[in-house]
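These notes concern the structure reproduced below.
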Amino acid sequence: MTGQPTNTHILHHAFDYLCPATLADAVAALAERGENACVLAGGTNLVVDMKLERVAPEAVIDLSGISDLAGIREDAGTIRIGALTPIRALATSALLWEKATALAEAAAAFGSTQIAMRGTIGGNICNGSPASDTVPALLVLEAEATLVSADGERTVAVGDLLKGPGTTRVRTGEILKEVRFPAAGNETASAFLKLSRVRADLSKVSAAVRLVRDGDRIGSVRIELGSVGPTVVRARKTEVVVAAAEPPPTGERQANKKLLEAARLVADDVEPIDDVRSTADYRCKAAIAVVFDAVTLAWTRTAEGPPSAPRGRSTAPARQQPEPESWQVAADETVEIELRVNGRDLVLDVAPNELLLNVLRERLELTGAKYGCGIGECGACTVWLDGEPVLGCLVLAVSADGGDVRTVEGLAASDGTLDPLQQAFIDENAFQCGYCTPGMLMMTKKLLEEIPDPTEEETRDYLKGNRCRCTGYASIVRAVQRTAGEEMG
Amino acid sequence: MDESPKVDDLVCFFADTYEPTGPFGAKGIGEAAMNPVAAAYANAIQNAIGVRFYELPITPEKVLAALETEGRP
């Protein structure tokens, strides 16, 4: 439990890997393995935690082969979201922007694009982080969670699952299957705001607000705060005063003393700490401003309606397993996986703790994708898996079985002609040392697929999880816009 | 925001020195260009709020604390 091992290049810890094809098989496997097993959804927390030696499960049960656990749908006034739904699917869902704005907004503010593409709503809840972005939003939406175990199903309020940092009241043997909440009616609006050091970072403080309008007054309000206590915390005192106050006008804080006074009451409900991201004192004061702004924003939306969904889309396809059967491989064994890499069909023998990045770099000699931080923070290892960018340093090679991988080596045509985007990077001098460039290329290639004419703002937001430490981002943005301009004619 | 093209003409002078840690007394030049950036930010903040910072990084936490010490909201 060192917290910071010297090397995150490889995953030292060995574990049995189980890939159930159905939820019933997953529950049975978890019942058998009990506390010695961890459930793997997107892996953006679990793989990092295993690398950093924070957890050492005997078995990892990968849910990614279960096809019916992902998806967003509205069903008779209730919105239902499968636990395996990627965060980015929430952030790009027109349905959620319209009827659960705070959740869509929280998903849009979530970590890096790659993490949001891979990380899931179920994983975000079960990780138990007080800095979770989706949990404050789910709480103001009064969401319920359905958990499945060998004993059957139970449905509880998401709030009843909160326990403390890094832990929840999800019981041993339970798997989160779905969350659901009522779709917002016409008089209801919600908002989510967060403060962080940089966009891809966890919040210093966040606030989700849901507000029901009653004519010219606030009918009711619910406020939940992230990163200011051991769990997400409810600002109960503020809620009472805000609901009784005159409706908040838009604009200046000083012009609305009543709301500001109400917001100041959050100090009674929060217990922030000093940590690497901020100080307790700052969090306490910033919480007041964030609550004020979030309430004002939600109030404005009760009149003006919700914002429209941003451009871009989540293309995460439900992956078809070669054989939809449950399978497993022991920690000390290897298994044959099938991978298509840049159009070539390969069969590889891999151990459960081998990472996709290392298989590509060291066994296939595709050294374009780089090892940077090893914990999903720099984007240098970005490759595509089944058409979506993933961080190769956080993907278990076994879980990519049957997948279609594309790396920077696969961008140029077979005769060596560079992709127009690669040529634009050269023409705009969009690199210096080149270490981040393969990741930048794989991300911007995908960006142009999602949005053919991205603005600078859209480009920078999409690249928020890709670090360049020498040239800077201006020339990269220009290369993207040059390519877009050429392709649009 | 003003950017590099709006800066007045710069005049360069060479100061002959010997850097003992560099080969043949040479001094790296890449990092040197970074130094004035921090000072420029500190000046901009001083200009905006009247507080001068002498340490990096100048975080929002430090700015808020400094404003409170100065008796502002």
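Computed from a predicted structure; not experimentally measured. Order of the sequence lines sets the chain letters (A, B, ...), proteins ahead of strands, with each chain counted from 1.
No more than 12 heavy atoms of other residues, nucleotides or ligands sit less than 6.0 Å from atom CD of A:E271.
Residues of residues 229-240 of chain A lying within less than 4.5 angstrom of chain B, judged on heavy atoms, are absent.
Rounded to the nearest 0.5 Å, atoms NZ (A:K285) and CG (B:L67) are 11.0 Å apart.
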